[in-house]
Amino acid sequence: MALIVHKYGGTSMGSTERIRNVAKRVAKWARAGHQMVVVPSAMSGETNRLLGLAKELAPGKHTAAYRRELDMLASTGEQASSALLAIALQAEGMPSVSYAGWQVPIKTDSAYTKARIDSIDDKRVRADLNAGKVVIITGFQGVDPDGNVTTLGRGGSDTSAVAVAAALKADEALIYTDVDGVYTTDPRVVPEARRLQSLSFEEMLEMASLGSKVLQIRSVEFAGKYKVPMRVLSSFTPWDIDLAEEAKSGTLITFEEDEKMEKAVVSGIAFNRDEAKISVLGVPDRPGIAYQILGTVADANIEIDVIIQNVSKDGKTDFSFTVNHVDYARCIDLLKEKVLPELGAAVVEGDPRICKVSIVGIGMRSHVGVAAKMFRALSEEGINIQMISTSEIKTSVVIDEKYMELAVRALHRAFDLDQAPV
Ligand code: ASP
Ligand code: MG
């Protein structure tokens with residue numbers, strides 16, 4: 001007997017018929033002798049619908065008081081889907097109880113719309129499990145120290161599920177979703193993309209932060225911190241498929257580089273169109289210049305990603321970095337108003353039409369020439385690299401957005417990702 005956490009995404013919970021299917025699947029696991037905790041998302045479209053209503057009433061309002069109400073509002077989506085799932089389980093003859101985040105409680109900080117989980121009390125849940133009930137816990141939400149409802153950011157149910165699994169020391173967190181696992185890259189861009197049977201937690205973390213949308217990045221961070229074994233799998237298989245077969249389907253996120261790990265040097269290719277490039281040209285090359293530019297940007301709470309500073313010529317240098325699209329205009333204004341006047345002759349230039357393409361793999365640690373192979377594949381397609389950034393297990397390039405799909409396909413081919421490793 002194991003303690004298992006299932007997480008179901010919005011599509012999997014999208015209609016009463018689908019909720020019934022989820023209930024049947026969960027009941028199958030419970031009847032096989034497992035203690036079951038289920039964390040559902042809101043029914044698909046519901047969170048957007050609710051947030052859309054708020055926007056209609058108060059376009060562009062960003063006060064803390066407003067964000068508090070957004071969380072009150074958005075959290076109802078998960079409350080409804082959780083109760084419906086408990087009802088469906090009971091209708092299947094399976095004792096079940098649902099709890100909102102505050103009832104567990106799942107304690108968070110007070111950062112409305114992007115709160116972080118501080119602790120989860122497992123007492124109530126354990127008592128129910130020991131009494132033979134399936135426990136449903138709302139995804140995406142918690143309660144702050146003052147008793148206000150909070151939410152964890154879009155896609156936050158993944159994080160709820162992993163955090164609940166960590167608190168209960170569950171044997172595995174199964175993340176059921178509308179894809180059947182983690183792929184070498186997005187199959188919509190590369191039809192030959194392959195599902196990975198396993199992926200190391202560090203690779204998953206890079207993939208999630210570099211643009212793969214399969215899991216909320218915080219859920220992966222949580223899984224890493226508490227060593228929660230987690231699996232991404234499809235909720236669209238028939239609910240009555242053999243349990244043993246289901247239990248090893250999808251993609252397992254592992255912590256050890258064991259024998260069974262696929263031995264590819266590069267495991268996946270991630271891409272991100274959400275960034276824009278900003279350059280400050282003709283900056284005097286003296287100590288403190290990076291701080292002067294990037295410190296000002298950071299103080300405005302704008303997150304910076306790839307950074308390059310060119311070799312200086314005649315005492316002047318160019319400085320480029322990327323930011324998220326949503327911060328692009330604000331960042332340019334900020335530089336023009338606050339930084340340029342102090343830098344003398346410098347000019348600010350921007351390019352929102354860029355994208356970042358990254359290769360990820362723990363095999364890069366022990367292999368040389370991986371980045372060179374990447375640059376060669378891009379050059380053979382005539383794609384110019386504007387910026388490069390590397391870490392131990394990834395290399396990212398910033399290129400013109402119009403070459404994104406071409407680049408991803410070329411790299412997928414160059415690293416043999418369409419073939420299963422032998
Ligand atoms: N319902 C929330 C959202 O749409 C949380 C989630 O689905 O994970 O972002
Ligand atoms: Mg999701």
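What you see is a predicted model; the values in this text were computed from it and never measured. Every number for a ligand or one of its atoms is a count from 1 in the order of the listing.
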Revision key, fill the gap. Near Ser41 (heavy-atom distance under 4.0 Å), the atoms of ligand 1 are 6 (C), 7 (O), 8 (O)
Practice item. Before signing off on this row, confirm whether Gly153 and ligand 1 have an N or O atom pair separated by under 3.5 Å. Key: no
**Study point:** Nearest atoms (heavy-atom pairs only) where Asp144 meets Asp146
**Key:** OD1-N, 2.8 Å
**Study point:** Full working for side-chain hydrogen bond (donor to acceptor under 3.5 Å, both in side chains) between Thr108 and Thr150
**Key:** CA-CA 7 Å; Thr108 71; Thr150 53; 2.7 Å; yes
Exercise for review: Please report the C-alpha distance between Asp305 and Lys356 in whole Å, then the side-chain angles of each, then the deciding distance to 0.1 Å, and finally whether the salt bridge (Lys or Arg N to Asp or Glu O under 4.0 Å) criterion is met.
Suggested key: CA-CA 10 Å; Asp305 187 25; Lys356 187 173 72 174; 2.5 Å; yes
Check your understanding: Can you find an N/O atom of Glu78 closer than 3.5 Å to an N/O atom of ligand 1?
Key -> yes
Review point. Which ligand 1 atoms are under 4.0 Å away from a heavy-atom of Ser157?
Key: 5 (C), 6 (C), 7 (O), 8 (O)
Exercise for review: With Thr159 as reference, evaluate Gln216, Lys7, Arg116, Arg218 under the side chain to side chain donor-acceptor pair (under 3.5 Å) test and give the passing residue.
Suggested key: Gln216
Check your understanding: What are the atoms of ligand 1, with element, lying closer than 4.0 Å to any heavy atom of Gly155?
Key -> 3 (C), 5 (C), 6 (C), 8 (O), 9 (O)
Exercise for review: Measure the distances from the heavy atoms of Gly139 to every atom of ligand 1 and state whether one is below 4.0 angstrom.
Suggested key: no
Check your understanding: What class does the angle between the rings of His34 and Trp29 fall in, given that below 30° is parallel, 30 to 60° is tilted and above 60° is perpendicular?
Key -> tilted
Exercise for review: Report yes if some N/O of Arg154 lies less than 3.5 Å from some N/O of ligand 1; otherwise report no.
Suggested key: yes
**Study point:** Minimum heavy-atom distance between Ala270 and Leu210, given as atom pair plus value
**Key:** CB-CB, 3.6 Å
Check your understanding: Any non-hydrogen atom of Gly156 lying under 4.0 Å from ligand 1?
Key -> yes
